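Let me begin by presenting the structure, written as structure tokens, before commenting on it.
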Amino acid sequence: MKVTVNGRPRELSAGATVASVVEMLDVAPGARGVAIALDGEVVSRGRWAETELREGSLVEIVAAIGGG
Amino acid sequence: MKVTVNGRPRELSAGATVASVVEMLDVAPGARGVAIALDGEVVSRGRWAETELREGSLVEIVAAIGGG
Amino acid sequence: MKVTVNGRPRELSAGATVASVVEMLDVAPGARGVAIALDGEVVSRGRWAETELREGSLVEIVAAIGGG
Amino acid sequence: MKVTVNGRPRELSAGATVASVVEMLDVAPGARGVAIALDGEVVSRGRWAETELREGSLVEIVAAIGGG
Amino acid sequence: MSADQLQIAGRTFDSRLILGTGGFANHELLAQACRAAGAELCTVALRRLDPTARGSILDVLEEVGVQVLPNTAGCFTARDAVTTAQLAREAFQTDWIKLEVIGDDRTLLPDAVELVAAAEELVDAGFVVLPYTTDDPVLARRLEDVGCAAVMPLGSPIGSGMGICNPYNLSIIIERAGVPVILDAGVGTASDAALAMEHGCDAVLCASAISRAHDPAAMARAVSLGVQAGRLAHGAGRIARRRYAQASTPEEGMPAFDVQGVAR
Amino acid sequence: MSADQLQIAGRTFDSRLILGTGGFANHELLAQACRAAGAELCTVALRRLDPTARGSILDVLEEVGVQVLPNTAGCFTARDAVTTAQLAREAFQTDWIKLEVIGDDRTLLPDAVELVAAAEELVDAGFVVLPYTTDDPVLARRLEDVGCAAVMPLGSPIGSGMGICNPYNLSIIIERAGVPVILDAGVGTASDAALAMEHGCDAVLCASAISRAHDPAAMARAVSLGVQAGRLAHGAGRIARRRYAQASTPEEGMPAFDVQGVAR
Amino acid sequence: MSADQLQIAGRTFDSRLILGTGGFANHELLAQACRAAGAELCTVALRRLDPTARGSILDVLEEVGVQVLPNTAGCFTARDAVTTAQLAREAFQTDWIKLEVIGDDRTLLPDAVELVAAAEELVDAGFVVLPYTTDDPVLARRLEDVGCAAVMPLGSPIGSGMGICNPYNLSIIIERAGVPVILDAGVGTASDAALAMEHGCDAVLCASAISRAHDPAAMARAVSLGVQAGRLAHGAGRIARRRYAQASTPEEGMPAFDVQGVAR
Amino acid sequence: MSADQLQIAGRTFDSRLILGTGGFANHELLAQACRAAGAELCTVALRRLDPTARGSILDVLEEVGVQVLPNTAGCFTARDAVTTAQLAREAFQTDWIKLEVIGDDRTLLPDAVELVAAAEELVDAGFVVLPYTTDDPVLARRLEDVGCAAVMPLGSPIGSGMGICNPYNLSIIIERAGVPVILDAGVGTASDAALAMEHGCDAVLCASAISRAHDPAAMARAVSLGVQAGRLAHGAGRIARRRYAQASTPEEGMPAFDVQGVAR
């Protein structure tokens with residue numbers, strides 16, 4: 001199915017989860033300062049594995065940077 | 001009936017209108033820069049005579065002063 | 001003799017006066033806003049004709065300009 | 001003879017010296033931060049004993065204070 | 001200067017000084033100040049009718065020949081400001097309203113949130129809204145976006161006479177405004193008004209500085225001249241500021257009076 | 001305003017703006033600026049005669065009807081300033097001299113020591129001395145004490161357009177001066193001139209701000225209006241500055257639209 | 001100074017300088033600046049994960065031993081700011097959020113309306129909200145009223161280095177605040193920070209002035225000393241300003257060296 | 001900071017804060033302030049000996065371990081200043097003199113003419129002259145030219161606490177000075193001292209701001225920190241001032257939460 005991850009279109013197999021995306025991006029499982037929003041709602045780390053994406057899902061994976 | 005005119009309690013006979021209040025206050029009919037709100041709604045001059053007050057009505061009669 | 005007029009060396013015949021210098025510079029006799037210093041001392045217009053220069057004299061002829 | 005010490009008239013015996021004045025004021029001989037002017041001229045400590053006052057002498061004895 | 005008119009919502013004015021009518025000791029001083037200022041537009045307020053009051057300020061202003069700009073002074077909520085604006089429309093037969101919604105009775109500073117809400121509602125109700133606002137450029141932009149006919153940022157609090165506390169913010173507002181910018185509040189004397197116009201304001205509103213001056217008519221004239229001076233200067237293209245001097249008198253051609261061996 | 005004339009050394013002037021004639025692109029612009037400013041007194045300088053020059057500035061000023069105030073611009077020593085003043089007396093048939101003795105060609109700031117020496121000598125020689133000075137109150141007092149007819153403190157360096165860098169010093173000079181105080185140098189635009197007059201200056205001298213503006217005539221008019229505005233404001237008794245607001249609209253008599261149990 | 005600790009929402013800090021971590025050329029310079037500033041609290045932001053990035057800023061901050069204050073930099077709406085705050089809570093396991101909702105990408109000034117809405121929503125969601133706000137006292141009061149743990153007014157726009165453009169507004173905010181006031185944005189150098197603390201701010205947040213200085217560690221130390229200096233001065237009771245001088249050296253007891261008839 | 005020492009006439013100092021000893025309620029408070037300030041050099045004055053006085057200030061200063069810089073406070077003429085300097089040399093066994101020649105007892109401002117005369121005479125007599133001067137760059141240059149070891153321009157009048165009234169003049173003095181520039185007079189609080197150092201002053205002299213503060217020791221420490229902060233900031237290379245904002249948080253990488261057709 002087609003989803004958008006950090007602004008870029010991605011093709012994922014049906015049943016893909018938030019965790020699949022994390023994996024796809026090579027994010028270390030224990031990476032610090034990382035958080036994810038799926039279609040505008042935060043998905044806590046504990047629910048990455050169980051949360052499935054759907055056609056057209058918008059995934060934002062953010063990390064800490066220097067700022068303000 | 002009991003109404004409040006410019007903050008002061010007044011006793012009016014049933015059927016009293018906005019015009020009655022104007023009269024009561026000795027406002028010249030053609031007085032300039034005068035406007036009236038009844039229970040928070042403006043009553044245009046043309047409707048003073050026909051607009052009746054009710055028990056507990058709140059009448060505000062305002063006039064122009066120097067300001068701002 | 002050698003004199004300096006407004007910073008430039010000039011050769012004048014003996015007996016030359018302040019007036020000769022004025023003439024040499026083509027200054028109209030009645031020119032307005034003009035004054036002359038000879039060796040640091042002002043020479044009033046009335047004395048231009050009688051005031052003689054000497055070897056090495058320093059003549060400054062100034063005129064009005066826009067300023068300050 | 002009559003002299004003025006720090007603004008006040010004083011009567012001293014003839015032959016009085018700067019040192020006599022210092023003594024008169026009870027200034028400890030080794031007092032720190034003290035200096036003396038006689039008639040507007042500084043008299044260094046070494047010359048206090050030999051420097052004589054004269055009729056009308058003006059003596060200023062100054063000392064250190066907190067300032068500026 | 002008639003070539004250089006102030007335009008607000010399709011109306012034009014020769015004078016760029018709007019006079020506030022509050023604080024005058026009596027109607028005569030107000031009339032004198034209006035004339036001295038050459039004012040064409042004056043603000044007025046609404047308060048509970050005082051049956052004992054003799055003569056309306058409207059008669060004075062009519063006699064002087066100035067037009068009226070009602071305000072909503074004293075309102076703390078959008079709701080009260082809207083009702084007051086509707087009363088003003090009825091009382092003065094004008095859609096123009098100087099919108100004031102304050103947040104605080106010690107500073108009389110505008111309440112941004114209530115102000116925007118009131119402005120939006122009044123614009124929708126067909127009013128020509130001139131909002132008294134802070135010097136916040138983002139707020140000024142929001143007010144323009146909701147349809148206000150002008151923005152009236154403060155220089156400093158009403159009646160404080162502190163002039164323009166933050167010229168930077170004022171200039172940012174002016175740079176980006178698509179509607180007239182009228183300095184409102186804070187003017188203490190003529191130079192404050194001149195400065196505001198030099199920054200590029202389209203007009204200045206002045207009340208206390210004139211009405212509470214020792215000589216209101218003289219100060220009215222002074223502020224009016226200040227506004228004209230600032231407007232002209234704004235258009236005349238001022239010289240740049242420079243840290244060092246630039247001679248106004250040419251340096252070349254200086255005479256040299258001294259000469260070796262010349263006795264003086 | 002003819003009741004409120006500037007008096008210096010027994011001469012009176014209706015205009016409190018003295019125009020410096022340096023920096024104008026041509027004589028026509030100078031003439032326009034003189035008229036726009038309503039100037040009565042203009043400074044001029046002396047430089048080595050240029051035989052190729054066509055037409056004297058004096059003809060222009062005469063035609064416009066302004067009087068001439070010669071200066072000693074460019075002099076670094078008391079000696080040169082005194083000689084230049086004597087030349088000016090001869091050239092312009094006036095005892096009045098705007099005395100300038102500068103210490104430095106980058107700041108063009110006055111040299112206090114040479115200035116006092118020159119002022120003393122010129123006063124003794126019968127000149128009416130108007131010294132260009134710093135904003136140092138002690139120096140201004142000294143110049144008055146040696147007999148100067150006015151003092152001309154700077155607001156900021158000549159041609160810098162930085163306005164009045166130290167209003168505190170200027171106000172101290174004004175408080176204690178027994179002769180007219182004329183702000184000289186630093187004015188960049190009309191509000192600077194208004195501010196100087198509000199501080200209590202008796203007049204303002206302005207050159208570069210006008211002559212080097214994009215539109216000299218417009219700026220001349222602007223500065224002239226600024227001077228008048230500031231003078232009037234100074235006499236009108238401005239309101240005091242206050243940290244908090246003071247309502248210009250009365251607070252009593254506010255209507256109350258809300259009532260328990262009234263549906264809206 | 002441990003007796004004089006900063007308290008926010010029940011947490012205490014010995015340092016009153018909060019360091020912004022944006023703008024540093026690299027992590028090493030950031031670490032040096034943290035140490036030089038003696039910072040205990042640093043802001044961080046969230047952006048799309050960059051898979052190529054090596055090493056997290058969190059490791060640097062942990063090593064230095066500072067705590068993290070996430071911000072919502074870059075958000076233009078209450079909605080985005082709230083979502084970003086929720087992401088921050090997840091990413092950094094903290095309820096603290098420096099709330100930024102800007103109205104404009106050239107001035108980066110806060111949008112009052114969106115800011116209040118976001119603050120209200122986040123407070124309800126259990127966040128400890130520290131809002132970046134304008135210097136508008138009424139807005140600051142509103143933010144406190146909706147439950148913010150501190151207010152963070154700007155001195156001037158982010159990164160502008162213009163210091164405190166309107167000290168009057170800042171002091172009004174401080175006088176009336178019931179929560180800590182932290183100057184945010186505008187600091188350009190150490191004296192700006194000292195001034196803010198002298199006005200009575202409880203702390204200062206500084207980013208660009210340090211991270212973009214030629215020598216960030218030196219400037220970090222300078223600003224830190226400035227904050228301490230200003231805090232101490234605020235408590236020490238400064239002398240009043242006076243127009244005239246007051247001698248620091250006693251005037252009595254001056255010797256008089258001159259005397260009639262004494263030759264020198 | 002020992003690498004960054006102040007050098008005057010061949011002597012070096014670690015501290016860039018010179019403490020004036022006038023105005024302290026008692027010797028104990030003076031001693032505390034000296035320690036809190038970390039002062040190495042303190043000014044002292046001479047007055048007619050008071051036989052009743054108990055204990056010399058010199059004992060206090062010696063115990064604290066600071067060196068003495070005598071002044072000529074209170075002198076109105078070059079002649080008195082020179083005599084006072086000679087007395088000081090005798091009393092304190094030092095050639096160093098802080099030269100003060102004032103023109104006026106209300107402003108205590110220096111008299112330029114007498115000051116230059118006294119400086120010249122004292123330099124010829126072998127003194128190390130540190131003159132208290134106005135902020136006039138030409139006068140400062142003259143004092144350097146006659147051989148002064150430093151120049152000590154005022155920020156504002158002695159004891160006024162008005163800080164630096166004319167930063168422009170101060171910066172011009174600093175740009176062109178070949179000797180140390182020490183801000184003298186006007187400091188009211190720590191940020192004034194920081195600002196002076198940021199402008200490039202080599203040191204600050206502070207008396208009343210400390211001695212007359214409610215808590216002199218705390219203010220001494222505050223001013224000392226302010227001097228250090230300003231010195232460091234001066235060397236750290238501050239960011240430029242800019243009218244518009246510059247984000248400290250990168251703008252790229254902002255997440256986008258909204259998407260067409262996604263229900264929330």
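All values reported here derive from a predicted model rather than from experimental measurement. Lettering of chains follows the sequences in order, A, B, ..., and the numbering in each one begins at 1.
- Partners of H/V123 by side-chain contact (heavy atoms from CB on, under 4.5 Å), not counting sequence neighbours, listed by chain and number: H/V129.
- Between chain D and the options H/R48, H/R47, H/Q86, H/R89, the largest number of non-hydrogen pairs under 4.5 Å is found for H/R48.
- For the atom pair D/I61 CD1 and H/L87 CG, the distance stands at 11.0 Å (nearest 0.5 Å).
- Closest heavy-atom contact between D/R45 and H/E90: N-OE2, 2.5 Å.
- Taking every heavy atom of both residues into account, D/A64 and H/I57 meet most closely at CB-CG2, 3.9 Å.
- For H/A207, the part lying under 4.5 angstrom from a heavy atom of chain D is the side chain only.
- In this structure, CG in H/L46 is found 11.5 Å from CD in D/E60, a value given to the nearest 0.5 Å.
- Closest approach of H/T83 and D/V42 over heavy atoms only: O-CG2, 4.2 Å.
- Interface remark: of the candidates H/D50, H/D59, H/V60, H/L19, H/D59 forms the most heavy-atom pairs closer than 4.5 Å to chain D.
- Comparing D/A35, D/A63, D/G66 by heavy-atom pairs within less than 4.5 Å of chain H, the highest count is held by D/A63.
- Contact of H/L205 with chain D is made through the side chain alone, with heavy-atom distances under 4.5 Å.
- Of the atoms belonging to D/D26, not a single heavy atom falls under 4.5 Å from chain H.
- Residue contact with chain H, scored on non-hydrogen atoms closer than 4.5 Å, involves the side chain of D/V27 exclusively.
- Interface remark: of the candidates D/I65, D/V43, D/V34, D/I65 forms the most heavy-atom pairs closer than 4.5 Å to chain H.
- With a 4.5 angstrom heavy-atom cutoff, H/F92 touches chain D only via side-chain atoms.
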